[in-house]
2 protein chains.
Amino acid sequence: MKDVTEKLKEYIRRKNLRWTGQRQTIVEQLLRTRQHLTTDELFRKVQKQDPSIGYATVARTLHFLVDAGFCDQVDISDGSMRYEVVWGHEHHDHLICSVCGKFIEIFSPELEKIQAKLVRQHGFIETTHKLQIFGTCIDCQKNLCRTENKPLAK
Amino acid sequence: MKDVTEKLKEYIRRKNLRWTGQRQTIVEQLLRTRQHLTTDELFRKVQKQDPSIGYATVARTLHFLVDAGFCDQVDISDGSMRYEVVWGHEHHDHLICSVCGKFIEIFSPELEKIQAKLVRQHGFIETTHKLQIFGTCIDCQKNLCRTENKPLAK
DNA sequence: TTTGATAATGATAACCGTTATCATTATTGT
DNA sequence: ACAATAATGATAACGGTTATCATTATCAAA
Ligand SMILES: [Mn+2]
Ligand SMILES: [Mn+2]
Ligand SMILES: [Zn+2]
Ligand SMILES: [Zn+2]
């Protein structure tokens with residue numbers, strides 16, 4: 001946490017930007033909360049800590065954090081972009097429960113290897129990829145889901 | 001083509017819907033043209049064949065065709081949804097060139113098998129998945145790209 | 001073939017997440 | 001403390017999609 005702030009401050013110095021209390025608050029909330037938040041979800045959490053912070057600042061800070069490499073933008077086609085912290089996390093893909101909205105993070109070196117092979121076979125140069133698998137999570141199948149996430153729209 | 005129309009008419013009868021000249025025209029254009037079109041791109045093509053057809057009809061017809069299983073909606077996070085014909089095509093995923101906007105369709109039973117294994121391991125029940133790999137296609141690497149597709153916005 | 005119930009259409013307004021604008025405030029190197 | 005300028009907050013604008021509604025077209029039944 002302290003470490004994260006320092007890394008961000010380094011990035012800010014490099015880019016001639018400025019560290020602000022708003023950015024501090026927003027990063028704190030991002031780290032404190034479950035990932036894959038929409039701008040609006042994060043905005044509500046930020047407002048509880050500091051009601052003076054505006055929506056635009058949250059939106060702009062999320063762009064800033066994506067540029068800095070601290071966050072990734074995740075688009076699951078449910079109407080708005082989501083953001084997750086990636087510093088300190090391995091690359092991963094997602095199982096997404098259509099009932100409770102839960103994200104299950106998956107990583108398989110085996111899978112990545114085959115993807116890389118396919119890319120190579122087409123002479124393609126990959127920059128990024130995303131794999132999203134939609135369905136029903138094990139908890140929702142048993143009606144035992146305790147997730148407080150709102151179900152995904154659609 | 002004649003076959004496709006018949007299958008759609010069957011679906012329409014089952015659902016108590018109606019076959020119209022507009023739907024005929026729109027389906028013709030979808031089959032005649034490259035896939036992964038936005039609503040607006042399809043609208044422009046449709047208008048050349050019949051300028052009296054409105055944008056809303058194209059948009060609504062695309063939804064209808066998705067419901068019917070004739071089209072899939074493809075979201076590559078470039079600002080608008082795209083649609084592709086899937087009847088008569090195997091399931092596939094996409095390599096997407098960020099330079100020229102080209103879609104390269106890939107299918108690997110090996111890959112699908114590993115995905116299925118991961119899903120099983122989490123007790124997840126899959127309904128759909130999508131894998132999108134972004135980068136630069138082989139033609140664009142050599143500046144030989146002949147694709148008339150507009151580069152993807154970003 | 002006419003008819004009646006109602007699905008579909010076209011024009012356009014509304015919607016909604018995101019981005020741009022702009023006057024004001026805050027940060028940072030000097 | 002100061003000057004340069006990045007960041008902020010309120011809100012308008014933007015753009016793709018969807019809703020509205022009066023009118024027209026479809027199609028099964030008579
Ligand atoms: Mn994740
Ligand atoms: Mn395709
Ligand atoms: Zn669930
Ligand atoms: Zn290309």
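Small disclaimer: the values here were computed from a predicted structure and weren't measured. Every chain is numbered from 1 and lettered A, B, ... according to where its sequence line falls, protein lines coming before strand lines.
If you check every strand for non-hydrogen atoms under 4.0 Å, Ser52(A) touches sugar and phosphate atoms only. When heavy atoms are screened at a 4.0 angstrom cut-off, Arg23(B) is found touching the sugar-phosphate backbone but no base atom.
Atoms CG (Asp75(B)) and P (dG16(D)) sit 14 Å apart, rounded to a whole Å. For the pair Ile76(B) CD1 and dG16(D) P, the interatomic distance rounds to 14 Å; values are reported in whole Å. Going from atom OH of Tyr11(A) over to atom P of dA6(D) covers 14 Å, rounded to whole Å.
Bracketed by its first and final contacts, the part of DNA chain C lying under 4.0 Å from non-hydrogen atoms of chain A reaches from dG17(C) to dT28(C) in 5' to 3' order.
In this structure, Gln121(B) places its CD atom where more than 12 heavy-atom neighbours from other residues, nucleotides or ligands lie under 6.0 Å away.
Under 3.5 Å, the side chains of Glu112(B) and His91(B) contain a donor-acceptor pair of N or O atoms.
Among all heavy-atom pairs drawn from Gly123(B) and Gln141(A), the shortest one is O-NE2, 2.7 Å. Nearest heavy atoms, Trp19(A) versus Ile12(A): CE3-CD1, 3.4 Å. Minimum heavy-atom separation, His94(B) to Ile106(B): N-CG1, 4.0 Å. In this structure, His122(B) and Ile138(A) approach most closely via the heavy-atom pair O-CB, 3.9 Å. Residue Ser98(A) comes nearest to Phe134(A) through the heavy atom pair OG-CB, 4.2 Å, listed as atom of the first residue, atom of the second, then distance.
When each of Val58(A) and Gly79(B) is assigned the nucleotide of DNA chain D with its nearest heavy atom, Val58(A) is the one assigned upstream, toward the 5' end. DNA chain D is contacted by both Phe64(A) and Ser80(B); Phe64(A) maps to the nucleotide lying nearer its 5′ end (nearest heavy atom per residue).
In this structure the side chain of Gln132(B) never reaches within 4.5 angstrom of the side chain of Phe103(B), judged on heavy atoms.
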Using a cut-off of 4.0 Å between protein heavy atoms and nucleotide atoms, how would you tag nucleotides 24-30 of chain D 5' to 3' with B, S and -? -BBS---

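Within the structure, a side-chain polar atom (N or O) of His63(B) is placed less than 4.0 Å from OP1 or OP2 of dT18(D).
Counting only distance, with no hydrogens or angles, the side chain of Gln73(A) and the backbone of Leu62(A) share no donor-acceptor pair below 3.5 Å.
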